[in-house]
Amino acid sequence: MSRALQLARRGVNTTHPNPRVGCVIVCDNIVVGEGWHEYRGDAHAEINALKALPDRAEGATCYVTLEPCNHSGRTGPCTEALINAGVSHVMAAMSDPNPQVAGQGMARLAQADIATSVGLMEEEAQKLNRGYVMRMTEKRPYVRCKLAMSLDGKIAVASGESKWITEAAARMDVQRWRAGSAAVMTGIGTVLMDDPGLDVREIDIGDRQVLRVVLDRRLRIPVDAKILSNAGRTLVFTQHSDGSKQRKINAAGAEVIVLQEEGAAFLPAVMHYLAAREEINEILLEAGAELSGAMLERGLVDEIILYQASVLMGDGGKGLFHLPSVKTMQDKLELEIVDSRMVGRDRRMTFKVSNKR
């Protein structure tokens with residue numbers, strides 16, 4: 001199963017919105033077939049592993065990181081392929097939270113007198129597909145908030161300038177996080193200040209480009225903003241119905257989504273839209289203190305990726321999060337640090353948000 005998880009990780013950048021799945025087929029303690037889901041719409045991991053076999057898998061054990069599907073979508077049901085191959089045992093790391101599968105795959109195998117078991121290395125499998133699980137169970141994407149700060153905790157100097165706090169190695173590391181996400185999201189403040197492209201560069205992600213998402217309630221985005229014209233799609237979420245400005249933004253290459261939800265309901269509405277309409281599993285949030293703080297306060301940030309550079313940016317610099325609700329120590333938000341390592345000359349720390357509101 002550990003090898004199957006290794007194989008599944010090869011699809012981190014290319015399977016969206018499908019889960020990352022690996023499969024290993026063993027016969028008489030010998031690995032006879034391996035495969036993983038490589039691209040959306042292509043064969044699933046089980047099918048690719050079966051293709052590697054010289055003959056039928058009579059009596060073999062199939063180790064797969066996610067419950068085999070039992071329905072026809074872009075591909076046929078993997079359960080029927082395993083049954084026809086003659087495997088005797090299917091071990092899945094985790095059940096599929098997709099209501100179209102949700103236990104039906106293992107039930108179909110059991111009906112065919114194939115031994116089944118679920119739960120081997122389940123925690124690792126859940127982590128690999130945490131965005132897919134989040135979308136299926138909570139109807140929203142998994143959100144990672146990426147920030148870069150100085151040693152004195154600033155994300156920009158007093159003027160608002162923030163390029164570049166970290167060095168080249170850390171910035172390349174961010175490209176890898178972007179590549180593994182289905183969407184990168186930012187706010188209008190960052191667009192107006194930095195004019196970022198937020199696309200994936202120097203990393204192979206197949207024939208797709210990451211979706212860019214801009215939150216712009218008053219539709220202030222310039223029509224010549226870099227994020228509108230770069231390769232790939234851009235969605236601009238707003239509450240401002242200005243037909244003329246919308247047409248100009250559409251002509252520049254983006255799509256304007258007008259939401260009716262106001263106030264605190266706006267951000268959850270964006271998340272639900274992205275999950276339901278765009279099938280977004282994982283978002284990398286690259287924004288300033290206002291949007292990052294608002295997402296955090298509303299319980300919409302699951303993980304924080306924080307790069308710390310060995311520089312000082314002064315008393316007038318801007319802090320990490322705007323959190324007006326934190327007024328006493330009882331209001332503080334607690335984080336769990338899950339990783340800390342050097343990336344070039346900068347330190348990258350990863351935090352799990354443990355007490356969402």
Side-chain angles (χ1 to χ4, degrees), residues 13-18 39-41 74 131-132 134-135 139-146 175 177-201 205-288 290-292 294-295 298 300-301:
N13 297 343
T14 57
T15 65
H16 306 286
N18 294 351
Y39 296 97
R40 173 185 183 177
R74 298 182 181 95
Y132 174 76
M134 180 73 74
R135 178 165 66 90
K139 311 305 180 188
R140 72 165 179 86
Y142 186 92
V143 178
R144 292 183 177 91
C145 177
K146 187 278 297 182
Q175 290 294 319
W177 286 109
R178 285 185 190 172
S181 303
V184 178
M185 187 168 78
T186 194
I188 184 59
T190 298
V191 173
L192 294 175
M193 177 60 67
D194 297 335
D195 193 23
L198 297 184
D199 53 339
V200 176
R201 301 180 295 276
I205 56 174
D207 60 356
R208 74 178 185 95
Q209 181 52 259
V210 66
L211 176 72
R212 275 75 50 84
V213 176
V214 180
L215 305 192
D216 182 9
R217 296 188 193 224
R218 289 183 286 158
L219 209 58
R220 295 183 291 151
I221 190 168
V223 294
D224 60 350
K226 191 185 300 182
I227 201 168
L228 300 183
S229 58
N230 275 12
R233 294 175 61 218
T234 298
L235 301 183
V236 180
F237 286 89
T238 187
Q239 294 175 316
H240 190 64
S241 298
D242 182 338
S244 175
K245 182 68 178 287
Q246 288 182 39
R247 286 190 291 273
K248 291 177 182 178
I249 294 172
N250 291 336
E255 302 169 49
V256 177
I257 311 297
V258 180
L259 296 179
Q260 302 304 316
E261 290 83 356
E262 299 181 356
F266 180 75
L267 291 177
V270 171
M271 294 296 102
H272 290 308
Y273 184 102
L274 291 172
R277 303 287 186 89
E278 297 291 335
E279 297 183 296
I280 299 299
N281 291 333
E282 297 177 18
I283 290 176
L284 186 65
L285 175 63
E286 298 192 44
E290 294 281 344
L291 179 54
S292 297
M295 289 283 289
R298 285 159 182 74
L300 297 173
V301 173

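This is a predicted model, so every value here is computed, not measured.
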Pair V213-L198, side-chain contact (heavy atoms from CB on, under 4.5 Å): steps then yes or no: CA-CA 9 Å; V213 176; L198 297 184; over 6 Å; no
Non-hydrogen side-chain atoms of L211 and I280 separated by less than 4.5 Å: yes
Exam field: side chain Q175 to backbone R201, donor-acceptor pair closer than 3.5 Å: yes
A287 to G187 - nearest heavy-atom pair and separation: CB-N, 4.2 Å
Short side-chain to backbone donor-acceptor contact, T234 and I227, under 3.5 Å: yes
Point-to-point distance, once rounded to the nearest 0.5 Å, from CE of M185 to CZ of R212: 14.5 Å
Least distance between heavy atoms, V184 atom then R178 atom: CG2-CG, 3.9 Å
Non-hydrogen atoms of P141 and E282 that approach each other most closely: CB-N, 4.4 Å
Shortest non-hydrogen contact from L192 toward P222: CD2-CD, 3.7 Å
4.5 Å side-chain heavy-atom contact, I188 and I221: yes
From L284 atom CG to T186 atom OG1, the distance as rounded to the nearest 0.5 Å: 10.0 Å
Interatomic spacing from NZ in K245 to CZ in R220 - rounded to 0.5 Å: 9.5 Å
Intermediate values then yes/no, side-chain contact (heavy atoms from CB on, under 4.5 Å), V191 and V214: CA-CA 8 Å; V191 173; V214 180; 4.1 Å; yes
Side chain to side chain contact (heavy atoms under 4.5 Å, CB included), paired with L235, selected from L215, V270, L274, V256: L274
Separation between NZ of K146 and CD of E286, rounded to the nearest 0.5 Å: 4.0 Å
Interatomic spacing from CG in N18 to OH in Y39 - rounded to 0.5 Å: 13.5 Å
Q239 side, atom CD; Q260 side, atom CD - distance, nearest 0.5 Å: 8.5 Å
R140 versus A275, closest heavy-atom pair with distance: CA-CB, 3.7 Å
Pairs satisfying salt bridge (Lys or Arg N to Asp or Glu O under 4.0 Å), at least one member in residues 247-265, at least two apart: R233-E255
M271 vs V143 side-chain heavy atoms within contact, under 4.5 Å: yes
Worked check of side-chain contact (heavy atoms from CB on, under 4.5 Å) between V236 and L228: CA-CA 9 Å; V236 180; L228 300 183; 4.1 Å; yes
Audit row: L285, L300, side-chain contact (heavy atoms from CB on, under 4.5 Å) steps and yes/no: CA-CA 10 Å; L285 175 63; L300 297 173; over 6 Å; no
Side-chain donor-acceptor contact under 3.5 Å, R135 with N281: yes
Minimum side-chain heavy-atom gap R144-W177 below 4.5 Å: yes
Student check: side-chain heavy atoms of D224 and D195 closer than 4.5 Å: no
Closest approach of C145 to V301 (non-hydrogen atoms, all atoms of both residues): CB-CG1, 3.9 Å
Pairs flagged by ring pair (Phe, Tyr, Trp, His ring centres under 6.0 Å) wherever residues 237-259 is involved - sequence neighbours left out: F237-Y273
Ring pair (Phe, Tyr, Trp, His ring centres under 6.0 Å) partners for F266, two or more places apart: none
Close side-chain approach of V258 to Q246, heavy-atom, < 4.5 Å: yes
